[in-house]
Every structure is written in structure tokens, then in C-alpha cells.
Amino acid sequence: MMAKNKGLLGESWDFLRVRKKYWLLPILLLLVLVGALIILGQSSALSPFIYALF
């Protein structure tokens, strides 16, 4: 049985596992990576290095 209070990642993993849609995993990982870059690029000391990548 699935737990009632899962986060977004837990629900996504359950969806991928139950529906056998493993091809979505790289897309989700890429979205998480881009989101982390956006968050880090807004106000950190790493901003100049992140902007240099693009």
C-alpha cells in the first residue's frame, strides 16, 4: 500500500514504478536539475559561474 502523505517526488516515483513509465525518469531529473540551477542562480555566490555556462 502507498502512504497517504507522500511528497511530489514520492508520488512521481510510485507513478513511474506502477505504470512502468521509466522513460519519464530522465525528463523528471532534467526538470529537477534546471530548477536547482534557477534557484542557485538567483542569489548566491555561484551565480557568475552558472551564468558562464550559458
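Sequential numbering from 1 along the given sequence is applied to the chain's residues.
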Is there a chain of hydrophobic side chains (I, L, V, M, F, W, Y, each step under 4.5 Å between heavy atoms) that links L37 to V32?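 Each belongs to a different hydrophobic cluster.
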Let me check something: do F15 and L8 share a hydrophobic cluster, defined by ILVMFWY side-chain heavy atoms less than 4.5 Å apart, either directly or through other members?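 Not linked; separate clusters.
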Of the non-hydrogen atoms in L16 and Y22, which two are nearest, and what is the gap between them?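 It is O-CE2, 4.0 Å.
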Going from CG on L30 to CG on L25, what distance comes out if it is rounded to the nearest 0.5 angstrom?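 If we round to the nearest 0.5 Å, L30:CG and L25:CG are 11.5 Å apart.
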Separation of L33 CG from L28 CG (nearest 0.5 Å):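 With rounding to 0.5 Å, CG (L28) is 12.5 Å from CG (L33).
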